[in-house]
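Atoms considered below: every heavy atom in the structure, side chains included; atoms not considered: hydrogens, waters and symmetry mates. Order of listing sets the numbers, starting from 1, for every ligand and every atom in it.
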Amino acid sequence: MNSFLDTPLNFVKGIGPARAELLSSELRMRTVVDLLQHYPFRYVDRSKVLSISQLQETNDFVQVKGVLGKLIEEGTGRNRRLKSSLRDDSGVMEFIWFKGLKWIKESLKPGKQYIAFGKIGAYKGRPSMPHPELELATDSTVHKGYLQPIYSSTEKLTKRGMSSKGFEKAIKNVLANPDFDWPETLSKEIKSELKLVSKMQAIKLIHLARNDHDIKHARRRLKFEELFFIQLELLLKKDLHAKQVRGFVFESVGEYFNDFYKNYLPFELTGAQKRVLKEIRRDLGSGRQMNRLLQGDVGSGKTMVSALAALIAVDNDFQALVMAPTEILANQHFETFTEMLEPVGLRVELLTGSTKTAKRRDIHEGLISGAVHLIVGTHALLEDKVQFKNLGLSVIDEQHRFGVAQRAKLWKKNTQPPHVLVMTATPIPRTLAMTLYGDLDVSVIDELPPGRKPVDTSHVFDSARIKIFGFMEDQIRRGRQVYVVYPLIEESSALDLKDLMDGYESIERRFPKPDYQISVVHGRMKPQDKDFEMNRFADGKTQIMVATTVIEVGVNVPNASVMVIESAQRFGLSQLHQLRGRVGRGAEKSYCILVSDKKLSNEARKRMKTMTETNDGFRISEVDLELRGPGDLMGTRQSGDLDLNLANLATDGKILAYARNCAMDLLDEDPSLQMEKNANILRRAKQIIFNKPNWSRIS
Ligand code: ADP
Ligand code: MG
């Protein structure tokens, strides 16, 4: 970075030491670079003056012009406030101040023409503007003809004069300095190919925009740059990883695989399963360690893909491991894998926290001798005691429950890290996957097995309870089973437990013993009790399962055909989709009923609407991304990894795709950024990529 951009903020005109201190503590801004990267989040056209009758409660910044009314003080003590009004030809609006009353009273002149600028709110049904910015109106005040940039600030900073206006002034001072210069960070080639303005121009345009055209060009360039360097970093990491970490080579598809495929495959693979299997096989034979994320909606058939991969491992004299986040899931996987793979001669075992000591010893021995081909289990598999003869493949199901540290433990189970296949039913929109997992390879099963009927989803209000019970009764009479799910925000929330128990009681009154049996599962129960109840339901001994979201992950009860979700407005979209995935697993038509309050926020309404409109997990995840933003979406990575200043993954998918393609082309041609024409990019990469402490130690 050149010296001017590195200037500490206390030397900047209009800032000084005290504010510099505050900028550092409040916004972590220390130098001119930081200041200039504090981009306006919006602009207000100061050449536009609205008439008061046009104003709406939009909460937006507006400018109005009129005669200032009398100043009236009201209240006492902390409730003291100052009111006034502004009148133009079309109407009257209110001003109100809560702070700085004395100074305001002294400086304003009622009866004069003012230009007022501020946010509009409503006060007792009339438009009102709290703490307006007021200027005596002269012709030039109105015809300023510029877009006023609006900067975010904090309360403390605003008090010390660094309001949006304060930022504007300080930034203008910096930009006007003859020493101001910002070295280009992209190559000429990329700039001209994508018609991007220079870095210097972009910085000027974003702060000094005169029109929409300026804003568009500035933002496009800056967003591109942001995403480009993220992609470059991910691709470089992936490349380095491939060089540093060798992978076992699974050369051949052998007896086990072929026998299973020809004689035991219970169904034809879907096109998507075949494609993904090919991708996996290519990895396994490449000599690189596979790190692949397999995304596929609930019920898309990920398990079969992982079983086939395990067969390839065994064919090459390696062992395989399948790890699930809960004991119930591990049990189910164990049953599935045993049923599938024992017929071809594989020994499959289960290891969880509740495996008995003698059995455990037996399994440990089997793993070390190589007699056990496939081990299914929970995180109990991570314990150091669990050693293998030759572990070659680790499959991790429902990965969001596992951290990076746990993945690292798996790597140490052999002399070379085993191949890793991570399976998740939480679909991530492509844009996000590209950014979050740019260093992993991503496979997608985007096709459900044939004959799957979409779950019929409806949204009703609490008042429809009697009808819901009637519907449940009808389904139970046909031999089906029903889930009723309550939200659980915290494991220990007493209120949530009360909701659930109240619900349980009213269900029990309507569905009395001995005709009906009901299971209850909630977060305060012991794990064994939870499992006991889950198993009773899975075995068809109970017809209704009343539960908090503990059933969210993975459980398979094909006979369950109704999912009632209580207080559905309190669930996020991906959670709702996961819950809905618990039904629709059998041959019968299934239903999901979302029960909510009448009063819904716009966002909650959109969630309900999305759920009733589509069963497509990817579509749902896109809406989720729009509604919540990327930071919230995945528990797998810290949102801090996504240090985006300007770009927005929900809306900038196209720029992201450009950025990724550009980065790939660049590295294809110039893998270590040594070409003269890429000097700018190398310089920037040294500043923001290669200087990171963990750069050469890739996890
Ligand atoms: P998930 O991706 O949610 O883990 P599963 O692997 O549990 O899904 O598969 C869901 C169900 O679909 C299982 O009962 C499985 O046997 C079945 N299934 C998987 N692939 C196919 C296929 N190609 N054709 C028919 N049924 C399939
Ligand atoms: Mg599964």
Would you call the rings of Tyr483 and Phe537 parallel, tilted or perpendicular, taking 30° and 60° as the class edges?
tilted
List, ordered by chain and residue number, the protein residues whose closest non-hydrogen atom lies under 4.0 Å from any atom of ligand 1.
Phe267, Glu268, Leu269, Thr270, Gln273, Asp297, Val298, Gly299, Ser300, Gly301, Lys302, Thr303, Pro449, Arg452
Tell me whether the count of non-hydrogen atoms from other residues, nucleotides or ligands lying under 6.0 Å of CZ in Arg281 goes above 12.
no
If you count heavy atoms of other groups shown closer than 6.0 angstrom to NZ of Lys589, is the number above 12?
yes
Does a donor on one side chain sit under 3.5 Å from an acceptor on the other, for Arg536 and Thr542?
no
Could you give me the CA-CA distance, side-chain angles and deciding distance for Asp441 and Lys238, then say whether salt bridge (charged side-chain N to carboxylate O under 4.0 Å, His left out) is met?
CA-CA 9 Å; Asp441 294 300; Lys238 193 167 140 185; 3.0 Å; yes
Could you tell me whether the side chains of His419 and Asp283 share a donor-acceptor contact shorter than 3.5 Å?
no
